[in-house]
Amino acid sequence: MYFILALRFLLEIIAILGFLLVLIIKQSWIEKGVFLLLDVALVFFWSYYMAPKASHSLLGWQRLVAEFLIFILVSLGFWRIYGWKAAMIYFILAMGNLFFLYLFHLN
């Protein structure tokens, strides 16, 4: 179970750092701005609605839908930035982790 929680933490860190790295990678300034804004929006959304001790934390199916949509959004962003292989690896790890989190009631 600790592996599942550690993987979840790692996936969250990879999402944030992956979008920040676009500032270094040779992309257009528009893409850099879009991914920076997306990164900031994800951090604020996650801290306000997804953090376990947040006052407005989502629960149940609402949380599951939000997590699913966030991981799809990050996977699509990774596809644009790093290519389809990196996006698929992230997506498979994220969906597998999400499945096991809810299977073992670790959410």
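Keep in mind that what you see is a predicted model, and the values were worked out from it rather than measured.
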Given a cutoff of under 4.5 Å between side-chain heavy atoms of I, L, V, M, F, W and Y, with clusters grown through shared members, what are the other residues clustered with I30?
V34

Mind checking whether I4 and L101 have side chains closer than 4.5 Å, heavy atoms only?
yes

Can you name the residues that form a side chain to side chain donor-acceptor pair (under 3.5 Å) with H56, not counting sequence neighbours?
Y48

Flag yes if I14 and I24 sit in one hydrophobic cluster, no otherwise; membership is Ile, Leu, Val, Met, Phe, Trp, Tyr, and two members link when side-chain heavy atoms are under 4.5 Å apart.
yes

Going hydrophobic residue to hydrophobic residue with side-chain gaps under 4.5 angstrom, can you get from F45 over to L37?
no

Side-chain heavy atoms under 4.5 angstrom apart, residues restricted to Ile, Leu, Val, Met, Phe, Trp, Tyr: same cluster for F99 and L10?
yes

About how many Å separate CG of L106 and CG of L98, when rounded to the nearest 0.5 Å?
11.5 Å

Is it the case that over 12 heavy atoms from other parts of the model lie below 6.0 angstrom from the CH2 atom of W46?
yes

Give every residue pair that meets the side chain to side chain donor-acceptor pair (under 3.5 Å) criterion with at least one member in residues 13-23, sequence neighbours excluded.
none

Side chain to side chain donor-acceptor pair (under 3.5 Å) pairs touching residues 85-98, sequence neighbours excluded, are none

Check for me, please, whether M1 and F100 land in the same ILVMFWY cluster - side-chain distances under 4.5 Å, paths through other members count.
yes

If you measure from CZ on F9 to CD1 on I13, what distance do you get to the nearest 0.5 Å?
4.0 Å

Work out which heavy atom in S57 is nearest to a heavy atom in A51; give both atom names and the distance.
OG-O, 3.3 Å

Can you pull out every ring pair (Phe, Tyr, Trp, His ring centres under 6.0 Å) where at least one residue sits in residues 11-37? Sequence neighbours excluded, please.
F19-F35, F19-F78

Determine all donor-acceptor pairs shorter than 3.5 Å in which one atom belongs to a side chain in residues 64-77; sequence neighbours excluded.
residue	atom	partner	partner atom	Å
E67	OE1	Y102	OH	2.7
E67	OE2	R8	NH2	2.5
E67	OE2	R63	NE	3.4
S75	OG	F71	O	2.8

Single-linkage hydrophobic cluster F91~I16, side-chain heavy atoms < 4.5 angstrom
no

Contact between Y82 and L21 at the side-chain level, heavy atoms closer than 4.5 Å - yes or no?
yes

